[in-house]
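Single-structure report; data block below.
Remember, it's a predicted structure, so these values are computed and weren't measured experimentally. Residues: numbered from 1 along the sequence shown.
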Amino acid sequence: MEQIFAAFVTVLSPEFFIWLVLGVFLGLVVGAIPGINDVIAIAVLIPITFNLDPAQALLMLAGLYTAACYGGSFPAIMLRIPGTASSMVTVMDGYPMTLKGEGGLALGISTISSVLGGLFSATCLMFFAPTLASYALYFGPAEYFSLGVLGLSTVAGMAGKNAAKTLVACLMGLLLSTVGMSPESGFPRFVGNYFELLEGIPFVAALIGLFGVSSGFQLMEKLSKNTGSTASVGVSRLKLGRTFPSFSLFRRILPVIGSSSLLGTIIGILPGAGQVMAIYMSYDLAKAQNKDREFGTGVPEGVAAPEAANNAVVGGSMVPLLSLGVPGNGTSALFLGALMIHGLRPGPTLFSDPSNIAYVIIVGFFLSNFLLGPMGLFLGRVIARFVFAIPDVLLGAAIVILCVTGAFAAGNSTFYILVALFFGVCGFLMEKLGIPLAPLILALILGPMMETGFTQSMTISGHSYAIFVEQPISLCMLIVSLAFCLIPLFGAIRRRHSRYFDMP
């Protein structure tokens, strides 16, 4: 406790606190710009921090990491464009809330959920980092394959009445995930003459296309049907509405925030699982907790769950990094690089460093979540008023231009623009056909992790499938995955039998 108190005194001193505030502000701006995510921002800022005090540099990066996850909810809620990959699920209910005139409420729920999720994981990081990190060491190739299966099994819970179309989207995502170098043979697959595909389909560009470009196309189509020409631009604008949820609504979404925060922290501790796994699983868990609500139509719980989970992953990912020197995801890997650049070695010895830098970093993550609330709400409302003041014709064109610019910035290549446009057309057609986007994206992300885990497991076991059931953690996750898939099936059978027996 003395070390934690000393860290609070250090961080709250003006010469250090200002760098934390700057990091939070930069994170909010970065998250709000599609195509510019926390990984790119930290990679750019690391060279700038060379001449800073290590504590100042790491506090700025901690603030940026925390805020960028939340900042992506701005364009996700208002424009249906995920600012970052961690906000892709927020689109599902956040944007429908905006269409109903509840955009401000969606921003408020996103802010509260992000703050509470981040504070929960930061508190766990503060008091239980070494203990929690030890459990991450139990995960090997078999466990990561089963973890991927578990992630895909949540699609069954999201399927609803469109089970066949959901399965099609999932299979499309798995097929697209095979593009690139084979992890077993190193042979290029489905890349043609495009060397940019050797590492797989550029995810950020694909995400921008599926949500952003397709959204611009849909808006333009809507305008052409309503007006018959591009001359008329007098389209009624949506209102922002109230920001803070009522006490009854807050009490309603609090259980979802709590369960999503816990799930996000646990997933964050596992190296390689990342935010995408956490937000999908938390969204599916929220649906299981609220079976009487139709998610995807503007349900507040559909915003609270992914936003609490993605910020909880931030603190969780720092647990194995600071305790064991093992990064939990790409952003924390860059954070590891920043630590080493400043002569700091992650691991148990970091907590005994005379500079108390480990607890300074932890307190920085904790306080950045407090800053996230007021700064996020202010910036969110400013951006929202600006967006809602733009005529729809200009907004549709601006969305496409912004997406093209973001796609180019993601890889500094025109090829990324082509990828965004291709997936924009695919997303537009999938919306027309009623095929959901979420299963495709989840499969596209989990496919490489599952393939790598499977090939490594086969090598270790001598091509014996028994390895997946011989490992207790792997077996438990496979059983849970089977339950996820069978529960909707049993529910459908029960409903069919009940209708049969109710017949006169």
Side-chain angles (χ1 to χ4, degrees), residues 89 132 134-160 163-164 166-167 169-171 173-174 177 255-256 258-291 295 305-306 309 312-313 316 320 328 438-439 442-495:
V89 176
L132 292 175
S134 62
Y135 288 98
L137 296 177
Y138 290 102
F139 273 69
E143 285 77 14
Y144 278 111
F145 172 78
S146 299
L147 182 64
V149 174
L150 178 61
L152 286 181
S153 69
T154 62
V155 171
M158 300 180 191
T166 301
L167 180 61
C170 191
L171 292 176
L174 288 175
S177 71
V256 171
S259 59
S260 299
S261 300
L262 176 61
L263 180 61
T265 302
I266 294 172
I267 295 296
I269 294 171
L270 304 177
Q275 290 171 324
V276 176
M277 171 81 75
I279 60 179
Y280 273 98
M281 293 185 69
S282 65
Y283 189 81
D284 194 58
L285 181 61
K287 291 185 68 175
Q289 291 174 309
N290 300 271
K291 295 181 180 179
F295 280 66
V313 169
L442 183 61
L444 181 63
I445 295 169
L446 295 182
M449 182 179 78
M450 293 175 60
E451 185 179 12
T452 301
F454 180 81
T455 54
Q456 290 178 349
S457 298
M458 290 295 97
T459 302
I460 293 171
S461 64
H463 296 277
S464 172
Y465 296 105
I467 187 174
F468 299 110
V469 295
E470 290 174 348
Q471 307 293 332
I473 297 177
S474 175
L475 177 61
C476 289
M477 287 192 289
L478 290 177
I479 293 174
V480 174
S481 302
L482 184 62
F484 268 125
C485 296
L486 292 180
I487 289 174
L489 179 62
F490 288 147
I493 295 173
R494 186 176 60 184
R495 287 192 298 270

*asked:* Counting C-beta onward and ignoring hydrogens, is there a side-chain heavy-atom pair between Ser474 and Leu478 closer than 4.5 Å?
replied: yes

Got Phe295 and Asn290 here, is their nearest side-chain heavy-atom distance under 4.5 Å?
yes

Salt bridge (Lys or Arg N to Asp or Glu O under 4.0 Å) pairs touching residues 446-465, sequence neighbours excluded, are Arg189-Glu451

Contacts satisfying salt bridge (Lys or Arg N to Asp or Glu O under 4.0 Å) that involve residues 463-479 (not counting sequence neighbours) are none

Which atom of [X] lies closest to which atom of [Y], heavy atoms considered:
X	Y	answer
Glu143	Gln471	OE2-CB, 3.2 Å
Met477	Ser146	CE-CB, 3.9 Å
Leu150	Met281	CD2-CE, 3.8 Å
Leu152	Ala443	CD2-CA, 3.7 Å
Ser261	Ala312	O-CB, 3.3 Å
Leu263	Ala278	CD2-O, 4.3 Å

Across all chains, not counting sequence neighbours, the ring pair (Phe, Tyr, Trp, His ring centres under 6.0 Å) partners of Phe468 are Phe145, Phe454

For Ser259, the side chain to side chain donor-acceptor pair (under 3.5 Å) test, sequence neighbours excluded, returns Gln289

The complete set of side-chain hydrogen bond (donor to acceptor under 3.5 Å, both in side chains) pairs with one or both residues in residues 454-465, sequence neighbours excluded, reads none

Q.
Tell me if a side-chain donor or acceptor on Ser282 pairs with a main-chain N or O of Ile279 at a distance below 3.5 Å.
A. yes

For Ile479, the side-chain contact (heavy atoms from CB on, under 4.5 Å) test, sequence neighbours excluded, returns Leu475

